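Below: one structure, written as structure tokens.
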Amino acid sequence: MRLGINLGYWGAGMDGDNLAVAQEADRLGYDVCWAAEAYGSDAPTVLAWVAAHTESIDVGSAILQIPARQPAMTAMTAATLDSLSGGRFRLGLGVSGPQVSEGWYGVKFDKPLARTREYVEIVRRAMSRERLSYEGEHWTLPLPGGPGKPIKLTVHPEREHIPLYIAAIGPKNLEQTGEIADGALLIFPSAEHLEDTAIRHLRAGREKAGLTMDGFDVCPTVPIAVGDDITALADTFRPYTALYVGGMGSRKQNFYNQLARRMGYEKEAAGIQDAYLSGDKAGAAAAVPHQLIDSTTLLGSVERIADRMSAYAAAGVTTLTLAPAGLTLDERLAALRVGTDALERADLAS
């Protein structure tokens, strides 16, 4: 199992710290550094900056939002970043959510699976540098009846095949991801529930495409915090968990809330959402079960974290991406070092 690092969103008051975290992860031998985007910082600019200040760590988008860019633009961005980084770019894609898609980008959040499938087909076709033409439900290239003609990408990516990941949570999206992508970006992963909530759906998609799980990158992000008081460490993640389970999306379309329900927290997920959507964020955080936090994070000593890493590896995780917690840069860097120590103790380094 390999380790990754997730910087989250740029512009959260720790910009210089984020670069230092990426550089330390590079020095420690982490495999990939991911950056996110929502409606603030964009991922490609951050990744170009990180790539310019690191040597060997891959840089990946987790995620580039599908409603934000035409697929050909995404292919251009991926090819450029791969070229500039010396072949270190990984393309992570996701549909975002209805509030961002429709409120920020003005793109209707409908048929996300079909839209994702077409998007990936166009991106792959464009990155292969063949002349681009496509006829689908959501995109037609070139536009019919106009001056457009099939053209091809002029930038040469460093590699012939840029790894493509999809952020997936729901069963249908997971199955399609297994079918059409090289890896899956997961969030709130519990090692104990991973087979039922994710792996079996990914495997079904791989089988549909005539493939196995060999070479497919199962890549969840888990927060990590180091210390002796597990309860206190878990409590620091209550607002984070409550935001996703209670406040992301709408009452009817909250993928994280649905995931918590599939993990057995049906009643608790409903209560968290009710409190959060009524404006009681503190109540929502208090309603998050300790076990939900503990099972979806890495908390405690290096020995305890090593045990949890072993459980994730046994569940089928191939790249475990860490999101180091801490109010100071030193705390975040220390968490990174504990991550590599724990991986070695668990005898999982690859």
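As the structure is a prediction and not an experimental result, all values here were calculated from the model.
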(request) Check whether NZ of the Lys or CZ of the Arg Arg308 lies under 6.0 Å from the centre of the six-membered ring of Tyr312 and within 45 degrees of that ring's axis. (result) yes
(message) Using 0.5 Å steps for rounding, measure from the NZ atom of Lys108 to the NE2 atom of His138.
(response) 13.5 Å
(request) Give the intermediate values and the outcome of side-chain hydrogen bond (donor to acceptor under 3.5 Å, both in side chains) for residues Arg332 and Asn18. (result) CA-CA 9 Å; Arg332 298 175 74 200; Asn18 274 340; 2.9 Å; yes
(message) Could you check whether any side-chain N or O of Thr297 sits under 3.5 Å from a backbone N or O of Ile224, counting only pairs where one atom can act as donor and the other as acceptor?
(response) no
(request) Report the C-alpha distance between Asp217 and Thr318 in whole Å, list the side-chain angles of each, state the deciding distance to 0.1 Å, and finish with yes or no for side-chain hydrogen bond (donor to acceptor under 3.5 Å, both in side chains). (result) CA-CA 6 Å; Asp217 196 7; Thr318 50; 2.6 Å; yes
(message) Keeping Thr140 on the side-chain end and Leu143 on the backbone end, is there a donor-acceptor pair under 3.5 Å?
(response) no
(request) Salt-bridge test for Asp274 and Arg251: reply yes if a basic N is under 4.0 Å from a carboxylate O, no otherwise. (result) yes
(request) Answer yes or no: is there an ion pair linking Glu137 with Lys111, defined by an N-O contact shorter than 4.0 Å? (result) yes
(message) Quick check on the hydrophobic clustering: are Leu348 and Met213 connected, directly or via other members, by side-chain heavy-atom contacts under 4.5 Å?
(response) yes
(message) Minimum heavy-atom separation for Leu336 and Ile5, please, with both atom names.
(response) CD2-CD1, 3.5 Å
(message) Using modelled atom types and a 3.5 Å cut-off, is there a donor and acceptor pairing between side-chain atoms of Asn257 and backbone atoms of Gln273?
(response) no
(request) Would you please name every residue forming a side chain to side chain contact (heavy atoms under 4.5 Å, CB included) with Val120, sequence neighbours left out? (result) Leu93, Thr116, Arg124, Leu164, Ile166, Ile180
(message) With a 3.5 Å distance limit and no angle check, can you tell me whether Gln65 reaches the backbone of Ser96 through a side-chain donor-acceptor pair?
(response) no
(request) Evaluate whether atom CG of Leu211 has more than 12 neighbouring non-hydrogen atoms of other residues, nucleotides or ligands under 6.0 angstrom away. (result) yes
Sequence neighbours excluded and cut-off under 3.5 Å, please list the side-chain donor-acceptor pairs for residues 227-235, or say none.
residue: Asp229; atom: OD1; partner: Thr231; partner atom: N; Å: 3.3
residue: Asp229; atom: OD1; partner: Ala232; partner atom: N; Å: 3.1
residue: Asp235; atom: OD1; partner: Arg238; partner atom: NE; Å: 2.8

(request) Establish whether Leu7 and Leu19 are linked, either directly or via other cluster members, by ILVMFWY side-chain heavy-atom contacts under 4.5 Å. (result) yes
(request) Keeping to residues at least two apart or across chains, list the salt bridge (Lys or Arg N to Asp or Glu O under 4.0 Å) pairs with something in residues 165-178. (result) Glu175-Lys208
(message) One pair to check against side-chain hydrogen bond (donor to acceptor under 3.5 Å, both in side chains): Gln70 and Trp139. What are the steps and the verdict?
(response) CA-CA 9 Å; Gln70 292 294 329; Trp139 285 276; 2.9 Å; yes
(request) Find out whether Leu186 and Val218 are in side-chain contact, i.e. whether some heavy atom of one side chain is under 4.5 Å from a heavy atom of the other. (result) yes
(message) Within this structure, what is the CD-CZ distance for the pair Gln176 and Arg117, rounded to the nearest 0.5 Å?
(response) 4.5 Å
(message) Which residue is it: Tyr265, Tyr240, Phe255? I am looking for the one with a ring-ring contact (aromatic ring centres under 6.0 Å, His included) to Phe188.
(response) Tyr240
(message) Does either side chain, that of Thr54 or that of Arg88, offer a donor lying less than 3.5 Å from an acceptor on the other one?
(response) yes
(request) Measure from the side-chain N and O atoms of His193 to the backbone N and O of Pro189, and report whether any donor-acceptor pair falls under 3.5 Å. (result) no
(request) Indicate the atoms forming the closest heavy-atom contact of Ala181 with Phe216, along with that distance. (result) O-CE1, 3.4 Å
(request) Look only at the side chain of Arg345 and the backbone of Val302, and say whether a donor-acceptor pair between them is shorter than 3.5 Å. (result) no
(request) Could you pull out the closest heavy-atom pair between Ile272 and Ala284, with the gap in Å? (result) O-CB, 3.6 Å
(message) I want to check something: taking the side chain as every heavy atom from C-beta on, are Glu130 and Pro150 in contact at a cut-off of under 4.5 Å?
(response) no
(request) Kindly compute the distance separating CG (Asp58) from OG (Ser85), expressed to the nearest 0.5 Å. (result) 7.5 Å
(request) To the nearest 0.5 angstrom, please state how far the CG atom of Asn254 sits from the CD atom of Gln99. (result) 9.0 Å
(message) Let me confirm one number: the CG-CZ distance from Leu174 to Arg203, rounded to the nearest 0.5 Å.
(response) 12.0 Å
(request) For the residue pair Pro171 and Arg262, establish whether any side-chain heavy-atom pair is separated by less than 4.5 Å. (result) yes
(request) Could you check if a side-chain atom of Pro220 sits within less than 4.5 angstrom of a side-chain atom of Leu320, using non-hydrogen atoms only? (result) yes
(message) So which atom in Cys219 and which in Thr321 form the shortest heavy-atom distance, rounded to 0.1 Å?
(response) SG-OG1, 3.3 Å
(message) Which heavy atom of Ala315 sits nearest to which heavy atom of Ala191, and what is that distance?
(response) CB-O, 3.7 Å
(message) Apply side-chain contact (heavy atoms from CB on, under 4.5 Å) to residues Tyr276 and Leu243 and explain how you reach the verdict.
(response) CA-CA 8 Å; Tyr276 203 99; Leu243 167 64; 3.2 Å; yes
(message) Checking the side chain of Glu192 only, and the main-chain atoms of Ser295 only, is there a donor and an acceptor separated by less than 3.5 Å?
(response) no
(message) Would you say Glu121 and Tyr134 are linked by a side-chain donor-acceptor pair, where the criterion is simply a distance under 3.5 Å?
(response) yes
(message) Test: salt bridge (Lys or Arg N to Asp or Glu O under 4.0 Å). Region: residues 143-168. Which pairs qualify, not counting sequence neighbours?
(response) Asp82-Arg159
(message) Apply the hydrophobic cluster definition, ILVMFWY joined by side-chain contacts under 4.5 Å directly or through others, and give me every member besides Leu185.
(response) Val32, Trp34, Ile63, Tyr165
(message) Would a single hydrophobic cluster contain both Phe89 and Leu153, if residues Ile, Leu, Val, Met, Phe, Trp and Tyr are joined by side-chain heavy-atom contacts under 4.5 Å?
(response) no
(request) Any salt bridge (Lys or Arg N to Asp or Glu O under 4.0 Å) involving residues 20-33? Give me the pairs, sequence neighbours left out, ordered by first then second residue. (result) Arg2-Asp31, Glu24-Arg27, Glu24-Arg337, Asp31-Arg90
(message) So that I can tick it off, tell me whether Glu266 and Arg261 are bridged by a salt bridge, with the cut-off set at under 4.0 angstrom between side-chain N and carboxylate O.
(response) yes
(request) Please report the closest heavy-atom contact between Tyr30 and Ile57, naming both atoms and the distance. (result) O-CG1, 3.4 Å
(message) Tell me whether Ser61 contacts the main-chain N or O of Gly92 through its side chain, where contact means a donor paired with an acceptor under 3.5 Å.
(response) yes
(request) Examine distances only and state if a side-chain atom of Ser128 and a backbone atom of Arg125 form a donor-acceptor pair shorter than 3.5 Å. (result) yes
(message) Quick check against the 3.5 Å criterion: does Thr45 have a side-chain atom that pairs as donor or acceptor with the backbone of Asp42?
(response) no
(message) Test of understanding: clusters of I, L, V, M, F, W, Y form through side-chain heavy atoms closer than 4.5 Å, transitively. Do Leu84 and Trp10 belong to the same one?
(response) no
(request) Please report the C-alpha distance between His201 and Asn173 in whole Å, then the side-chain angles of each, then the deciding distance to 0.1 Å, and finally whether the side-chain hydrogen bond (donor to acceptor under 3.5 Å, both in side chains) criterion is met. (result) CA-CA 9 Å; His201 303 297; Asn173 192 7; over 6 Å; no
(request) Check whether Ile169 and Val100 end up in the same hydrophobic cluster, where Ile, Leu, Val, Met, Phe, Trp and Tyr are linked by side-chain heavy atoms less than 4.5 Å apart. (result) no
(request) To the nearest 0.5 angstrom, please state how far the CG atom of Leu81 sits from the CE atom of Met76. (result) 11.5 Å
